[in-house]
Amino acid sequence: MRGAAPNKKIPAASQKNDVKTKKNKQKTPGPGEGTSSGGDPTHPPRKKRARVDPTVESEETFINRVEVKVKIPEELKPWLVDDWDLITRQKQLFHLPAKKNVDTVLEDYANYKKSRGNSDSKEFAVNEVVAGVREYFNVMLGTQLLYKFERPQYADILANHPDTSMSQIYGAPHLLRLFVRIGAMLAYTPLDEKSLALLLSYLQDFLKYLVKNSASLFNASDYEVAPPEYHRKAV
């Protein structure tokens with residue numbers, strides 16, 4: 001039974017590692033590489049830490065943010081239904097360029113607020129809100145504010161007006177659709193609770209303005225029946 005302990009077998013994997021160590025004796029371990037038990041005890045092997053991706057928010061933050069909602073006034077809800085019906089069921093299209101485009105609607109609102117004698121700070125805030133709504137509209141229109149039947153029309157507009165912002169072509173019905181969706185986008189703004197509440201109050205005020213001027217902004221006569229050749233594109 002003599003010699004059993006001294007002749008203990010070394011696993012094959014360890015033998016391979018020993019060979020590698022001899023061959024690469026001069027190699028210094030790079031960042032994140034482990035060291036053998038013979039390494040410097042003051043620098044133990046580094047454990048890889050999971051990096052926190054700053055672009056990925058925590059679950060708690062996400063849950064807290066999804067609650068932002070913009071309340072559509074009751075007076076405007078029937079128009080959203082009519083707009084949907086005219087396009088998806090009756091196969092009509094909103095006439096473009098609009099008689100009164102989104103930029104004009106927003107400018108009229110800003111002028112209306114200025115005419116009421118607001119302070120400079122409130123006037124600045126209104127201008128900021130109007131600029132923000134315009135930007136959201138131009139960014140979101142093509143991806144979130146169109147019905148499937150409108151897509152060929154949108155493609156034609158892009159081809160014929162490549163250097164024109166869509167807020168200069170589309171009108172109030174598409175702007176109203178933005179307010180159905182904008183709450184989900186605002187959930188991801190870096191605004192604190194107080195600033196967000198203030199912004200929402202301005203958006204609600206703008207919607208009240210749309211209610212007040214709805215007779216001139218929303219009209220079924222602004223839609224037209226799509227020609228047969230358009231139907232073929234929309235299939």
Side-chain angles (χ1 to χ4, degrees), residues 50-77 79-80 83-84 94 98 100-114 116 118-148 150-151 154 157-158 163-214 217-218:
R51 290 187 181 178
V52 177
D53 186 343
T55 63
V56 178
E57 63 184 353
S58 69
E59 185 180 355
E60 184 185 354
T61 309
F62 174 76
I63 290 168
N64 289 338
R65 286 184 172 182
V66 293
E67 292 304 315
V68 180
K69 285 182 182 176
V70 176
K71 191 174 186 291
I72 304 295
E74 290 300 320
E75 298 92 332
L76 294 176
K77 287 180 181 178
W79 179 254
L80 284 169
D83 176 46
W84 171 85
F94 184 76
K100 185 176 262 195
N101 62 36
V102 168
D103 280 358
T104 305
V105 175
L106 292 170
E107 282 162 21
D108 286 352
Y109 169 71
N111 291 332
Y112 163 74
K113 295 303 286 183
K114 287 171 195 171
R116 293 170 67 90
N118 289 311
S119 64
D120 288 344
S121 60
K122 279 192 176 177
E123 192 173 307
F124 173 76
V126 167
N127 290 337
E128 288 290 294
V129 169
V130 162
V133 169
R134 182 186 293 112
E135 190 173 343
Y136 270 111
F137 181 83
N138 286 322
V139 168
M140 292 172 64
L141 177 73
T143 55
Q144 297 192 49
L145 305 183
L146 297 174
Y147 295 114
K148 185 183 175 184
E150 295 176 294
R151 295 213 160 272
Y154 175 68
I157 290 292
L158 286 179
D163 302 317
T164 307
S165 66
M166 294 298 103
S167 58
Q168 293 177 351
I169 293 180
Y170 284 79
H174 290 85
L175 179 58
L176 181 57
R177 292 182 206 173
L178 170 69
F179 285 86
V180 177
R181 299 272 186 169
I182 200 170
M185 297 297 105
L186 291 176
Y188 295 94
T189 58
L191 296 173
D192 58 43
E193 196 174 326
K194 188 178 175 184
S195 301
L196 193 55
L198 183 62
L199 174 58
L200 285 171
S201 73
Y202 277 109
L203 295 180
Q204 295 296 165
D205 186 71
F206 177 71
L207 286 169
K208 284 179 190 172
Y209 172 82
L210 293 185
V211 170
K212 190 176 179 181
N213 295 275
S214 58
L217 294 174
F218 305 106

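Side-chain atoms are counted along with the backbone in the values below, which use heavy atoms only and exclude waters and symmetry mates. Predicted model, so just to flag it, every value in this text is computed and none were measured.
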Report yes or no: does Gln204 contribute a side-chain atom to a donor-acceptor pair with the main-chain N or O of Lys71 at less than 3.5 Å?
yes
What one should report as the nearest heavy-atom pair of Ala110 and Val126 is CA-CG1, 4.0 Å
For the OG1 atom of Thr143 and the CZ atom of Arg181, what is their distance to the nearest 0.5 Å?
9.0 Å
State, with a plain yes or no, whether a side-chain heavy atom of His174 is found less than 4.5 Å away from one of Leu146.
yes
Please walk me through it: do Asn213 and Tyr112 pass side chain to side chain contact (heavy atoms under 4.5 Å, CB included)?
CA-CA 12 Å; Asn213 295 275; Tyr112 163 74; over 6 Å; no
If we only count heavy atoms from C-beta on, is the Tyr154 to Met166 side-chain gap below 4.5 Å?
yes
Report yes if the side chains of Leu175 and Tyr170 come closer than 4.5 Å at any heavy-atom pair, otherwise no.
no
Would you call the rings of Trp79 and Phe218 parallel, tilted or perpendicular, taking 30° and 60° as the class edges?
tilted
Test log, rule side chain to side chain contact (heavy atoms under 4.5 Å, CB included), inputs Glu107 and Val130
CA-CA 8 Å; Glu107 282 162 21; Val130 162; 5.9 Å; no
Please name the residue in the list Thr104, Val102, Asp103 that meets the side chain to side chain contact (heavy atoms under 4.5 Å, CB included) test with Lys100.
Thr104
Looking only at heavy atoms, what is the nearest atom pair of Ala172 and Leu217, with distance?
CB-O, 3.6 Å
Taking side chain as C-beta onward, heavy atoms only, is Glu135 less than 4.5 Å from Asn138?
no
For a 4.5 angstrom cut-off between non-hydrogen side-chain atoms, does Phe137 reach Leu145?
yes
When you measure from the side chain of Arg151 to the backbone N and O of Gly142, does any donor-acceptor pair fall under 3.5 Å?
yes
I want to check something: taking the side chain as every heavy atom from C-beta on, are Val180 and Val70 in contact at a cut-off of under 4.5 Å?
no
Atom pair CG/CG of Asn127 and Leu106 - distance to nearest 0.5 Å
11.0 Å
How long is the span from the NZ atom in Lys77 to the CG atom in Leu176, to the nearest 0.5 Å?
11.5 Å
So if I apply the side chain to side chain contact (heavy atoms under 4.5 Å, CB included) rule between Leu200 and each of Asp205, Ile182, Leu186, which one comes out positive?
Leu186
Rounding to 0.5 Å, atoms CE (Met140) and CE (Met185) come to a distance of 5.0 Å
Looking at Ala125 and Tyr202, what are the two nearest heavy atoms and their distance?
CB-OH, 3.4 Å
Rounded to the nearest 0.5 Å, how far apart are CG of Leu158 and CG of Asp163?
11.0 Å
Are the charged groups of Glu74 and Lys208 less than 4.0 angstrom apart, N to O?
no
Enter the distance from Asp108:CG to Tyr209:OH here, rounded to the nearest 0.5 Å.
4.5 Å
Does any part of the side chain of Arg177, heavy atoms only, come nearer than 4.5 Å to the side chain of Gln144, both counted from C-beta?
no
After noting the C-alpha distance and the side-chain angles of Leu198 and Ser201, does the key distance pass the side chain to side chain contact (heavy atoms under 4.5 Å, CB included) rule?
CA-CA 5 Å; Leu198 183 62; Ser201 73; 4.0 Å; yes
In terms of relative ring orientation, are Tyr109 and Phe206 parallel, tilted or perpendicular, with 30° and 60° separating the classes?
perpendicular
